[in-house]
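Below is one structure, written out as structure tokens, with a few remarks after it.
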Amino acid sequence: MVEAASVGTSGQQTRLIAVCGKGGVGKTAFTAMMSKVLLDRDRTGRLLLIDADPAKGLPLALDVEVKRTMGEVREEIIARSRRANREQKTQLIDMLDYMVLEALSEQEDYALLAMGRTETKGCYCPVNDLLRGTIEALSQDFDTILIDGEAGLEQINRQVMRRVDTLIIVSDATSRGLQTASLVKRMVEEENVIECGRLGLVLNRVQGNEELVERAAQSVGVEVVGFIPQDERVAYHDLIGKPLTELPPDSPGIVAVGEIVDRWILSRDPS
Ligand SMILES: Nc1ncnc2c1ncn2[C@@H]1O[C@H](COP(=O)(O)OP(=O)(O)OP(=O)(O)O)[C@@H](O)[C@H]1O
Ligand SMILES: [Mg+2]
């Protein structure tokens, strides 16, 4: 078990939660609904959402305008450092914190950081390391961090942070979704792509066949922490571009995510 190293504004350990899974299974919808639930519970402290998907799904689901992505910050650093002398390079490193803060979209009750795309080809490991270090330092100013990731965990590990407390794998009720969940488990447990304290599987868009789906999910070997039903309000909000954080508290998706948060996330907090 990996213990959290950073401490948020409340003086308690920062909760680091990442969401991953196959494309299109509902990772972003789940992350957005979980943000709403966490904000409603009043035990979240300062919340930072990190969109680790280059397609910027989370800002769209929350209707947040992103002025600058971390990908753009990275491009600027690479371009500037190419023509910088040693002294200017040092100044550039001193400016990193400021550049990352500029990329932070501050909302009324949370902040959002979008990783965006990386255009420049080639290996810029030192730049990635610098930026990841800056994000890790920034994360200490928050009490809860929720990352909307991709199926592969490399993006999170390389550009966001090397470890999380909780990794939630989202799958739909298909064998392909569950196969990806098995791959994620292997990446964590055998390939150590990312350090994580615990793994949970959430089954999305499940309607009336929970028992059958749970039996199929047992082959993955990850604890099933909850089922989320098909929720027409989620589909409707996404259709008209209304933030998922504005879903009514009694909508089936929000109720289901609320149960997962209470039973699996908040119940483990030290009181
Ligand atoms: N429980 C649900 N009920 C109804 N619609 C849902 C539900 N979960 C997700 N959807 C819909 O499914 C679609 C895909 O969801 P979402 O974008 O969250 O998936 P994703 O895993 O983030 O995809 P990507 O891999 O492209 O980032 C969206 O149109 C969303 O509105
Ligand atoms: Mg997404």
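For ligands, and for the atoms within them, numbers begin at 1 and follow the listed sequence. Note that the structure is a prediction, hence the values are computed from the model and not measured.
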**Asked** With backbone taken as N, CA, C and O and side chain as the heavy atoms from C-beta onward, which portion of Asp53 lies under 4.0 Å from ligand 1: side chain, backbone, both, or neither?
**Response** side chain
**Message:** So for ligand 1, is Asp148 a polar contact partner (N or O within less than 3.5 Å, distance only)?
**Reply:** no
**Item:** Residue of the set Val37, Leu62, Val64 for which side-chain contact (heavy atoms from CB on, under 4.5 Å) holds with Thr245
**Value:** Leu62
**Complete:** Output for pair (Glu223 CD, Ile169 CD1), nearest 0.5 Å, gives 11.5 Å
**Request:** For the Mg ion (ligand 2), check which protein N, O or S atoms are under 2.8 Å away and list them.
**Result:** Thr28 OG1
**Prompt:** What's the shortest distance from atom 3 (N) of ligand 1 to any protein heavy atom, and which residue and atom give it?
**Reply:** Asp231 N, 2.8 Å
**Asked** Is Gly24 near ligand 1, meaning one of its heavy atoms is under 4.0 Å from it?
**Response** yes
**Prompt:** Would you say the side chains of Asn128 and Arg74 form a donor-acceptor pair under 3.5 Å?
**Reply:** yes
**Complete:** Restricting to heavy atoms, the pick from Asn204, Asp238, Ile228 nearest atom 7 (C) of ligand 1 would be Asn204
**Request:** May I ask you to decide whether Glu191 forms a salt bridge with Arg186, counting only side-chain N to carboxylate O separations under 4.0 Å?
**Result:** yes
**Complete:** Atoms of ligand 1 under 4.0 Å from any heavy atom of Gly23, numbered from 1 in the order shown, are 25 (O)
**Asked** Just by modelled atom types, is the Phe142 backbone N or O under 3.5 Å from a matching donor or acceptor in the Thr14 side chain?
**Response** yes
**Prompt:** Using 4.0 Å as the upper bound for N to carboxylate O, is an ion pair formed by Glu189 and Lys185?
**Reply:** yes
**Asked** Do any nitrogen or oxygen atoms of Val25 come within less than 3.5 Å of a nitrogen or oxygen of ligand 1?
**Response** yes
**Asked** Could you state the interatomic distance from CG (Asp109) to CG (Asp40), rounded to the nearest 0.5 Å?
**Response** 9.0 Å
**Asked** Distance from Asp51 atom CG to Glu150 atom CD, nearest 0.5 Å?
**Response** 9.0 Å
**Item:** Salt bridge Arg205-Asp231, side-chain N to carboxylate O under 4.0 Å
**Value:** no
**Asked** Between Pro229 and ligand 1, which residue portion shows a heavy-atom distance shorter than 4.0 Å: side chain, backbone, both, or neither?
**Response** backbone
**Message:** Return the closest protein heavy atom for atom 15 (O) of ligand 1 as residue, atom name and distance.
**Reply:** Gly26 CA, 3.7 Å
**Distance, nearest 0.5 Å, that separates CE of Met34 from CG of Leu146** = 5.0 Å
**Request:** Counting heavy atoms only, name the option from Arg205, Gln207, Lys56 that's nearest to atom 12 (O) of ligand 1.
**Result:** Arg205
**Message:** Give me the nearest non-hydrogen protein atom to atom 17 (O) of ligand 1 as residue plus atom name, then the distance to 0.1 Å.
**Reply:** Thr28 CB, 4.2 Å
**Prompt:** Side chains of Val202 and Ile260: closer than 4.5 Å at any heavy-atom pair?
**Reply:** yes
**Request:** Look at atom 20 (P) of ligand 1 and say which protein heavy atom is nearest, naming residue and atom and giving the distance to 0.1 Å.
**Result:** Lys27 N, 3.5 Å
**Prompt:** Relative to the heavy atoms of Ala29, which atoms of ligand 1 are at a distance of less than 4.0 Å?
**Reply:** 8 (N), 9 (C), 18 (O)
**Partner set under side chain to side chain contact (heavy atoms under 4.5 Å, CB included) for Thr174, not counting sequence neighbours** = Asp172, Arg176
